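What follows is one structure encoded as structure tokens, with my remarks underneath.
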Amino acid sequence: MAEPKRYTPAPVSPAPAAGGIAARAMGQRALPYLADLNPEQREAVETLDGPVLVLAGAGTGKTRVLTTRIAHILNLGRARPQEILSVTFTNKAAREMKERVGRMVGSVVEGMPWMGTFHSIGVKILRRHAELVGLKSDFTILDVDDQIRLMKQLLEAEKLDDKRWPARMLAMLIDGWKNRGLTPDLVPAGEAASFANGKGKKLYAAYQERLKTLNAADFGDLLLECIRLFRQNPDVLRQYQQRFKFILVDEYQDTNVAQYLWLRLLSQNTQVSSPGRAEGASPGDPDQDGTVPAIRDGRDKPGHDSLVVAEREQKNICCVGDDDQSIYGWRGAEVDNILRFDHDFPGAKIIKLERNYRSTGHILAAASHLIAHNEGRLGKTLRTEDVVGEKVQVTGAWDSEEEARSIGEEIEQLQRDARDEGQDHPLDEIAILVRASFQMREFEDRFIQLGLNYRVIGGPRFYERAEIRDALAYLRVIAQPADDLAFERIVNVPKRGLGDAAVQMLHDHARKQRMPLAAAAAMIAATDEMKPKPRLALRELMGNFERWRKQKDTLPHAELAEIVLDESGYTEMWQKDRSADAAGRLENLKELVRSMQEFENLQGFLEHISLVMDVDRGEQEQAVNIMTLHSAKGLEFDTVFLPGWEEGLFPHQRSLDESGRNGLEEERRLAHVGITRARKRARIYFASNRRIHGLWSTNIPSRFLDELPEAHVEVKEPAGGTGGFGMSGYGPSRFDEAQSFGSTYTTPGWQRAQSRKGKGGFSENGQPRYVPDGVFDDVDQSGPEDMDAARGGGRSSSPPPGGGRSAAAGRREGVNARPKPVTIDGELIAKSTGATALFAVGERVFHQKFGNGNVVAVDGNKLTIAFDKAGEKRVVDSFVERV
DNA sequence: GGGAGGTCACTTTTT
DNA sequence: GTGACCTCCC
């Protein structure tokens with residue numbers, strides 16, 4: 001890496017360091033971009049020195065502040081483009097930032113290599129110093145799928161029952177540790193014990209070791225290994241600290257501990273001291289020596305205060321975020337990071353942006369009142385100068401179908417109204433934000449019926465589709481012959497007769513010879529170890545790979561991809577497939593090849609996709625947006641529909657069960673995010689009955705509805721029209737009856753919803769049999785027991801009392817006990833070309849399958865042996881032993 | 001080795 | 001209701 005060179009301060013053309021100050025002195029008056037900012041925004045842009053936290057509520061111009069700040073820094077000459085580190089979470093945000101900065105400063109933005117996601121910047125740093133953390137600079141980045149497969153292998157090696165200790169669980173555990181900045185040696189003993197009787201830590205260490213052999217890193221490593229690199233190499237860290245004159249962080253409330261540590265390392269000025277004391281001589285520092293007692297996470301909680309040495313010069317770090325929009329706690333985000341920013345970065349200036357430029361008065365008021373119910377927050381009060389606008393509507397529907405139906409009608413109504421006024425309510429400006437993705441289907445069904453255009457945002461991502469992953473695996477094997485995971489994925493896809501047994505043989509051999517699977521496969525293919533059928537198949541495959549690898553250098557990579565898909569039989573496999581989605585998959589493959597053309601080479605393409613798991617497919621047509629609340633963060637729409645506000649679904653039961661009050665508060669923040677997406681109209685729905693996992697369940701309205709301020713809310717009847725089956729479709733008597741045994745439901749929400757409606761459409765325990773066409777089958781409702789009986793053939797039911805699942809787990813054990821114990825022979829250092837011959841011509845040997853024989857020829861690791869019974873065969877030396 | 005049938009679980013999601 | 005995954009049997 002030619003990195004050091006690039007550190008030499010090259011003379012900057014227009015504004016060298018001194019000129020920057022001059023420019024600042026005179027620049028104050030005529031900076032047009034500052035004029036458009038409100039005073040708080042302006043302060044956030046102009047406070048360049050020292051740590052700054054910008055608490056930016058929803059719609060207060062957060063991105064604007066960030067981008068203007070960058071432009072300002074550049075304009076004043078306070079730093080050169082390559083001296084600004086600007087991190088975001090998503091690629092989308094990074095792209096957007098680049099675009100907006102570009103609009104302000106022009107092509108200068110192209111000279112900002114350190115603008116990107118945490119992960120992309122992490123990789124960039126890691127590739128430059130890969131050797132220092134035990135990787136090669138061309139390491140592969142594994143995704144979740146690869147991770148899990150790798151862990152499966154490790155669990156198998158440990159002979160752990162994968163039913164009891166699923167790889168998925170281990171992956172989550174390790175991921176969690178990595179999020180918290182914990183390397184294997186730092187994992188607290190207590191936690192490590194929780195998995196597989198204390199093997200958790202060992203497995204984590206083994207996993208890391210495997211990654212190194214595979215020359216691979218997972219997403220967590222991109223940051224964690226960076227941290228390790230910095231801690232163990234203060235000189236490297238110092239290079240970066242000196243380089244980054246300004247650090248900007250977007251969505252700070254979403255950072256996890258690892259990201260926090262990473263930022264803190266970079267944002268300090270370290271004196272070069274003894275190695276291993278990267279962060280200076282602070283006693284409580286959890287360094288690689290791991291001497292800190294009671295570490296709960298990689299963050300140095302114990303000695304935290306002593307760590308932040310006041311004298312130490314603090315970098316110019318500016319974090320922008322909103323504690324009220326922290327909704328990713330479940331994947332490791334630490335709201336704490338933002339809540340104690342001034343603690344972590346002493347002397348920090350905190351600037352609140354509270355002027356909202358997005359929503360009308362009622363909407364903002366509703367959102368603000370709701371979020372005020374949270375205790376763990378820094379507290380902001382959003383205000384707007386916009387009109388009061390429409391009140392937030394709350395509508396109760398009988399069931400989720402009615403909910404979808406009335407939302408569909410309201411959308412049509414909105415469009416009619418707009419048309420009457422000679423305007424247009426673009427479908428793009430309408431969003432339906434759901435808590436859980438299963439809710440989406442009902443809307444899709446309904447909109448298809450109505451012929452209403454919609455798009456689902458955030459469905460299965462392009463690169464996660466099986467066919468794409470398969471295709472990529474082929475390309476990975478070509479580009480990276482050591483990529484075992486990719487090889488394993490496609491060795492028998494399409495089916496070519498290389499099943500478990502064959503793969504097992506390859507594995508054994510690879511392990512014995514300490515070589516990548518593909519190399520082992522090539523070797524075995526050249527021998528007679530396998531039965532003729534798989535042998536031929538393997539030979540063909542390996543021959544193909546050899547050829548493709550040669551073509552890699554001569555053909556454009558997109559063309560190569562086409563050839564590979566064709567010649568491997570992969571395309572054919574889907575062409576023959578009769579399932580409904582086969583055509584779509586072929587279409588996706590075409591799209592993949594097309595998208596490859598945008599990249600310079602195969603390497604570049606593979607790098608891109610491992611980091612950027614999305615593909616921009618320009619959609620022109622207007623459509624209603626359906627997405628989860630989570631994926632709506634950062635977006636805004638004129639009209640927002642928020643269905644499914646019921647206890648159990650929103651707030652989600654699981655969130656409450658698992659994280660208690662914190663869980664509830666995060667759900668509430670999610671609700672707040674939902675409402676604040678709306679510019680002009682926010683419409684909330686709840687359905688009394690909803691089918692979840694195939695069973696009907698009856699729900700009470702969400703407690704969040706009670707937390708909305710009455711003055712800003714209007715309670716509505718569901719839009720009628722179709723079939724006249726609204727809230728009034730059944731008489732009060734039935735409601736009373738239901739109520740009589742729904743006595744446990746006395747929550748405020750329930751009561752209020754009831755009184756407001758006068759004739760609420762929900763029976764709590766009543767379990768009416770509901771037949772889809774809107775007719776009630778008024779069955780006996782004498783009690784739950786009878787209900788269960790009545791349920792028999794009916795479609796409506798509640799979960800069986802006892803939980804009903806008879807778990808017959810544990811009946812299986814001992815997964816594939818392999819026949820021969822694998823002895824890893826220390827001397828067997830067969831490198832890929834393996835020149836060390838272990839046998840000599842004439843030696844008498846024994847082979848499991850072919851019996852005894854004499855070596856007649858030696859060719860590296862391959863032996864030709866004249867077997868007494870089986871005749872002359874070519875075999876690999878590790879399969880035979882001397883007699 | 002591969003297809004057919006049974007069992008289980010099932011919030012949110014980026015990189 | 002449904003998809004993913006596992007097991008069994010040919």
Side-chain angles (χ1 to χ4, degrees), chain A residues 87-94 116-123 141-144 147-148 152 162-163 166-168 172 175 178-179 217-223 251 254-256 258-259 327-333 433-442 445 457-461 463-464 466 492 494-503 531 533-534 537 581 608-614 627-634 644 648-659 663 666-667 669-670 673-674 691-696 795 799 803-809 811-812 815:
Chain A
V87 275
T88 59
F89 268 84
T90 63
N91 293 296
K92 200 174 147 219
T117 62
F118 277 101
H119 296 268
S120 70
I121 291 169
V123 190
I141 300 162
L142 300 189
D143 60 33
V144 189
Q147 276 182 57
I148 288 180
K152 252 190 196 138
D162 61 346
K163 279 265 161 55
R168 204 160 273 285
M172 274 172 53
D175 226 49
K178 290 189 172 179
N179 282 159
D218 64 20
F219 280 112
D221 284 343
L222 300 183
L223 287 163
E251 306 276 21
D254 287 339
T255 49
N256 60 34
Q259 285 153 342
I327 54 173
Y328 286 109
W330 50 273
R331 66 176 196 211
L433 310 181
V434 298
R435 172 70 244 266
S437 44
F438 75 84
Q439 293 172 259
M440 293 179 177
R441 184 191 244 118
E442 212 130 14
D445 288 351
I457 294 183
R461 266 166 296 289
Y463 290 117
E464 276 165 19
N492 201 28
K495 304 264 191 278
R496 44 173 75 91
L498 296 167
D500 289 347
V503 172
K531 289 184 190 138
K533 231 174 118 187
D581 53 357
H608 168 85
I609 54 136
S610 53
L611 283 175
V612 187
M613 292 292 273
D614 65 1
M627 69 190 93
T628 62
L629 285 159
H630 281 92
S631 41
K633 190 163 75 132
L649 176 59
F650 193 35
H652 202 281
Q653 193 56 47
R654 193 126 158 201
S655 200
L656 303 181
D657 292 347
E658 280 170 15
S659 323
E666 182 153 316
E667 295 284 305
R669 290 193 289 266
L670 201 49
V673 166
R691 205 164 45 180
I692 296 179
H693 311 324
L695 296 173
W696 283 99
R795 40 177 73 236
R805 274 191 222 295
S806 63
R811 76 190 116 106
R812 227 177 58 84
V815 202

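These numbers come from a predicted model, not from an experiment. So that the names make sense, note that chain A is the first sequence line, chain B the second, and so on, each numbered from 1.
Side-chain N or O atoms of A:Gln259 include one that pairs as donor or acceptor with a backbone N or O of A:Asn256 at under 3.5 Å.
Atom CD1 of A:Ile692 and atom P of C:dT2 are 16 Å apart (whole Å). Taking atom CG of A:Leu222 as the reference point, atom P of B:dT15 lies 12 Å away to the nearest angstrom. Rounded to whole Å, atom C1' of B:dT14 lies 11 Å from atom CG of A:Asn179. The distance between atom CE of A:Met172 and atom P of B:dA9, rounded to the nearest whole Å, is 15 Å. Taking atom CD of A:Gln439 as the reference point, atom P of C:dG1 lies 19 Å away to the nearest angstrom. Put simply, NZ on A:Lys495 is 11 Å from P on B:dG1, counting in whole angstrom units. If you measure from atom CZ of A:Arg441 to atom P of B:dC10, you get 18 Å, rounded to the nearest angstrom. Atom CD1 in A:Ile141 sits about 14 Å away from atom C1' in B:dT14, given to the nearest Å.
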Between the protein and nucleotides 11-13 of chain B, which nitrogen or oxygen pairs come in under 3.5 angstrom?
from	atom 1	to	atom 2	distance (Å)
B:dT11	OP1	A:Arg654	NH1	2.3
B:dT11	O4'	A:His652	NE2	3.2
B:dT12	OP1	A:Ser437	N	2.5
B:dT12	OP1	A:Ser437	OG	2.3
B:dT12	O4'	A:Arg435	NH2	3.3
B:dT12	O2	A:Trp330	NE1	3.3
B:dT12	O2	A:Arg435	NH2	2.6
B:dT13	OP1	A:Thr628	OG1	2.3

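Classified by interplanar angle (parallel below 30°, tilted 30° to 60°, perpendicular above 60°), the ring pair A:His630/A:Tyr328 is tilted.
A heavy-atom distance below 4.5 Å is not found between the side chains of A:Asp175 and A:Arg331. In this structure the side chain of A:His119 never reaches within 4.5 angstrom of the side chain of A:Ile141, judged on heavy atoms.
Here A:Glu251 pairs with A:Lys62, A:Lys633 under the salt bridge (Lys or Arg N to Asp or Glu O under 4.0 Å) rule; sequence neighbours left out.
In this structure, A:Asn256 does not reach the B:dT15 phosphate: none of its side-chain N or O atoms is under 4.0 Å from OP1 or OP2. Phosphate contact (OP1/OP2 of B:dG1, side-chain N/O of A:Asn492, threshold under 4.0 Å): absent.
Salt-bridge check for A:Arg435 with A:Glu667: passed, with a basic side-chain N closer than 4.0 Å to an acidic carboxylate O.
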